[in-house]
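Not measured: the values here are computed from a predicted model. Worth knowing before you read on, the calculation uses all heavy atoms, side chains too, and leaves out hydrogens, waters and symmetry mates. Naming convention: chains lettered A, B, ... in sequence-line order (proteins, then strands); numbering from 1 in each chain.
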Number of protein chains: 2
Amino acid sequence: MPTPDITARSERNSDRTRRAILEAAFQEIYRNGFQGMRLDDVVAATGLTKGALYHHFPNKQALGYAVVDEIIRDIIQQAWLEPLASDPNPLAVIIHFIGHMETLMGGDIVTLGCPMNNLAQEMSPLDEGFRTRLDLLYQEWRGSIQAALERSQQAGVIRADVDCSKTATFVLAALSGCVGAAKNAQSSEQLQICGSGLIDYLESLRPA
Amino acid sequence: MPTPDITARSERNSDRTRRAILEAAFQEIYRNGFQGMRLDDVVAATGLTKGALYHHFPNKQALGYAVVDEIIRDIIQQAWLEPLASDPNPLAVIIHFIGHMETLMGGDIVTLGCPMNNLAQEMSPLDEGFRTRLDLLYQEWRGSIQAALERSQQAGVIRADVDCSKTATFVLAALSGCVGAAKNAQSSEQLQICGSGLIDYLESLRPA
DNA sequence: TGGAAAACATACTGGATGGTATGTACAATA
DNA sequence: TATTGTACATACCATCCAGTATGTTTTCCA
C-alpha cells in the first residue's frame, strides 16, 4: 500500500521552496536585470540561505533559465495565450489589452517595462541559452496573435488582404516598443499615447 | 606668437585621448550594457591605462553619461536629425531608412540592436541621470520625426486628419520594437518583416 | 629656460559576489 | 530502529572590479 497523502505535504515543501526562489529571482531580474541580480539578494528575499539556492539550482545561469521556463512562460500564457484562445472576438481582446495595459498588468509595466522584453534585450546577444528560450516564447506569443488575427479575419472583422503573419510580427514588436518607450519616459501618459497609436493601426485593418 | 602647428601633432593630445576612451566605452556598453562594461576592458581597447581614464572622467557613471551626451547624441544627429531636416520629402526619408536599416547602420543593428534603446532599457529604471539624458534625446528625435511628418502633411503627402505628434511617438516606439525583435531573434529577416509592417502603416497615412 | 600644471603610467586596495565545503535536521525506506 | 538520502544552514574562499595613491613624462607659459 502506498504512503498516505499526509506525507505528501512534506514533498511539496521542496517544491514550494524552489518556487519561492524562482519568484524572488524573477523580481530581482525584473528590477535589476539578470547581470544585476545578486544571489545574496534573492536568498535574503526568500528568508532562505545559499545552501537552499544551490541545492535547487546548480548556478546562477540555470536559475535564470528556470525563471524563463517557469515564471515568464506562465505570465505570457495567462496574460495572452489563454485570453486569446478562448475569446470569440480576438481583435477586440488585443485592442482592449493594449488600451488597458496598466490596469491589467501591474503599474510596474510603466516603471519597469515588460519583464520578458527586458530580459531578452539584455541577454539575447550575450547568452545563446537565454536567446533560444526567449525566442521560442516569442514565437508562441506571435503565433497566438497571428491565429487570433486570422480568426477575426475569417469573421470579417479584418480585411481579407491583410497578411496576418506579418501583422502579428509587427504588432508584437510595436507593443514591446510602446512599453519600452513608456519605461524610458517613466510615463503612463506615454504608454497611453503610444498604445492608442497602435490601436489606430489595428483599427485600420478593418474593412472599409 | 603662438606655437606652430607642428607641436599639435605631438603624442599627447588630450581631446583625442578623451575621445578614444569615449568610443571604446561606447563599444563596450553597446556589447555588454553599462553594468556589463568593464573599465579594464575599456582601457585595454584604447591601449591606455586607468590613470588616463580617471584623469578624464571622475568615475564610471560620469563616463557613461559622457557617452550618452557626446557619442550617442552624435549618432542620432547624423543618422536622423540631419537627413530629416534637409530633405524636401521627409516621409520618403523615413520609409527609406526603415527599409534599408541594416545597410545604413552597420550589421550590428541586428546582432546588437539599437545602442540608444539598449542603454535606455537597461538604465532608465535604475539611474535618473541616464534616464533624463536619454529621455531628452528621445524627445529631440521624436520632435524631428513629428516635424518631418508635418512637412509631409503640408505637402499633401499625408492625410490632413493624421495626428503627427501621436504618430511620431508611435513610429519611434514601433521602430525600436522592430529592432529589438530582430535582435531577440538574431535575424535580419525578422527586421525586414517587421520593418515592412511599419512601412505599411506609414503608407496607410497617405491620402486615399 | 625653469617650473608648474596637465597628461598620463604603475601598483595597489577593499568590498562585493558567485561559488564551495561542510555540517545538521528530518523524512523515507528497509 | 538503523540507515540513507533529501533539504536545507553556516562559514568560508577566490576572483573580479571600481576606485585610489603615487610616480613619471610631457606641455605650456612666464
Starting from [atom2] on [N], measure out to [atom1] on [X] and report it in whole angstrom.
X     : N      : atom1 : atom2 : result
A:F57 : D:dC8  : CZ    : P     : 11 Å
A:L53 : D:dT10 : CG    : C1'   : 15 Å
A:D41 : C:dT17 : CG    : C1'   : 10 Å
A:Q35 : C:dG18 : CD    : C1'   : 14 Å
B:Y54 : D:dT20 : OH    : P     : 7 Å
B:N13 : C:dA7  : CG    : P     : 10 Å
B:R16 : D:dT27 : CZ    : P     : 12 Å
B:D15 : C:dA6  : CG    : P     : 14 Å

Task: hbond_proxy A:K60 side chain to C:dG19 base (donor-acceptor, 3.5 Å cutoff) - done: no
Open item on the list: If you go through the side-chain atoms of B:K50, does one of them form a donor-acceptor pair with the base of C:dA9 closer than 3.5 Å?
Closed with: no
Task: Salt-bridge contact B:D127-B:K60 (side-chain N to carboxylate O under 4.0 Å) - done: no
Open item on the list: Does this structure show an ion pair linking A:E70 with A:R18, if we count only N-O contacts that are shorter than 4.0 Å?
Closed with: yes
Does OP1 or OP2 of [N] have a side-chain N or O of [X] closer than 4.0 Å?
X     : N      : result
A:T17 : D:dC8  : yes
A:R38 : C:dA16 : no
B:H55 : C:dC8  : no
A:H56 : D:dT6  : no
A:S14 : D:dA7  : yes

TODO: Can you tell me which residue pairs pass the ring pair (Phe, Tyr, Trp, His ring centres under 6.0 Å) test with a partner in residues 103-135 of chain A, sequence neighbours excluded?
DONE: A:F34-A:F130, A:Y65-A:F130
- [ ] Between D:dA18, C:dG18, C:dC8, spot the one nearest the side chain of A:L39, thanks.
- [x] C:dG18
TODO: Go through D:dA9, C:dT20, D:dC17 for me and flag the one nearest to the A:A52 side chain.
DONE: D:dA9
Open item on the list: With no hydrogens and no angle check, just 3.5 Å: does a side-chain donor-acceptor pair link A:Q35 and A:E122?
Closed with: yes
